[in-house]
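Below is one structure; the comments refer to it alone.
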Amino acid sequence: MDVEVDIAIVGAGPVGLFAVFACGQLGMISAVIDALDDPGGQLTALYPEKPIYDIPGRPAIRADALVADLMAQAAPYEPIYLLGQQTADLCESSDGTFTLTTAAGTKVRARAILVAAGVGAFGPNRPPLDHIRDFEGTSVFYHVGKRETFKDRQLVIAGGGDSAVDWALSLADIAKSITVVHRRDSFRAHPANVAAMHADDRVNVRTPCQLKGLEGENGKLTGIHISEIGGDPETIKADALLALFGLAGDLSPLKDWGVEIERKSIPVDPATLQTSRPGIHAIGDVADYPGKRKLILTGFAEAAAAAHAAHARVFPGKAIHDEYSTTRGVPGQTPDAAQKTA
């Protein structure tokens, strides 16, 4: 599918999702491209059920709930989501229109680009196990999208950080069994949670221990080979593996775009968020300038500023009449309906 829009937004994290709304308020139609299969970026991939406390007006909100709210806020502007597609080539025509091609072959034509890539295109840090990709998505997972995925399953969680410990405690309520495998005796998680995990009879902790191999066929695990350091290998029954070794960010897809990149960040003009290449703006954690604070709320403000700056390229010669959202409104949303939603 080839698409033509006003703005191409690279990254479907919270800042990219809010950019859809910010652009929509100025009459610009967006396409959102992300390498992950689900929107939300790090919020979805790393901690969907954890609370966030620094969103203005929300004393606390779960990460997945914030993603859902941002999707609902963007929905009236009918963005085109191209998920599970990594950005690849970029070219610019003589009239200033960009054509962005994804690794899946989709071509996106846009007058301006907002890069909201966080720390780059996410990919899991896979354990070095033979044929592991054959089980991905059915028996091997690198993040928890929905807890129900692990209901009544014999689950092995590999890792030693907060995510491994937190999910062991959380999923103990619904999994048939849980075994935590970590190569060291000590964990890098909050001490109170580590103590709670060790005290929970539903969680079997194996340390120091490593994954050695997988058993199963047709994408379905039946067992996992493990070995304690210096000990003999053994096989434990398992039909699901949650490998939590972190996600690796990669900005290499942008290296041929003619955009300056320094230390895994993109320098920008703080007033317009424009990069070294006109027409391409960077917002959120990937953008860098003096005094930058890597917070979601900072990214929200940057999205609004970049949308205003990009408007001049999308609609040359057309003035922006700044209005509050209470005045401008939202397509399909009446004041009465908005009050009921609130």
Listed partners of [X] passing side-chain hydrogen bond (donor to acceptor under 3.5 Å, both in side chains), at least two apart:
X: R183; answer: none
X: D162; answer: none
X: S139; answer: none
X: E92; answer: R277, R313

Could you pull out all residues at least two apart from [X] that satisfy salt bridge (charged side-chain N to carboxylate O under 4.0 Å, His left out)?
X: E4; answer: none
X: D288; answer: none
X: E234; answer: R206
X: D130; answer: none

Trace of the salt bridge (charged side-chain N to carboxylate O under 4.0 Å, His left out) decision for R202 with D173: CA-CA 9 Å; R202 300 167 299 177; D173 289 335; 2.7 Å; yes
Partners meeting side-chain contact (heavy atoms from CB on, under 4.5 Å) with A304 (sequence neighbours left out):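 For A304, no residue satisfies side-chain contact (heavy atoms from CB on, under 4.5 Å) once neighbours in sequence are set aside.
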Contacts of A305 that satisfy side-chain contact (heavy atoms from CB on, under 4.5 Å) - sequence neighbours left out: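 For A305, the residues satisfying side-chain contact (heavy atoms from CB on, under 4.5 Å) (neighbours in sequence not counted) are L273.
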Whether F187 and H198 hold their rings parallel, tilted or perpendicular, with breakpoints at 30° and 60°: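 Perpendicular.
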[Y] side chain reached by [X] side chain, heavy atoms, under 4.5 Å:
X: V330; Y: Q73; answer: no
X: V108; Y: T99; answer: no
X: C91; Y: T101; answer: no
X: P233; Y: H225; answer: no

Test ring pair (Phe, Tyr, Trp, His ring centres under 6.0 Å) applied to F315 - qualifying residues, sequence neighbours left out: H311
Nearest heavy-atom neighbours spanning L254 and V115: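 Nearest pair, atom of L254 first, then V115: CD1-CG1, 3.9 Å.
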Minimum heavy-atom distance T272-H281, with the two atoms named: O-ND1, 2.9 Å
Residues D34, Q85; criterion side chain to side chain contact (heavy atoms under 4.5 Å, CB included); working and verdict: CA-CA 6 Å; D34 199 291; Q85 300 193 43; over 6 Å; no
Donor-acceptor pairs are to be reported for all side-chain atoms of residues 9-22 against protein atoms at under 3.5 Å, with residues two or more places apart or in another chain.
none

Pair Y142 + F245: ring centers closer than 6.0 Å: no
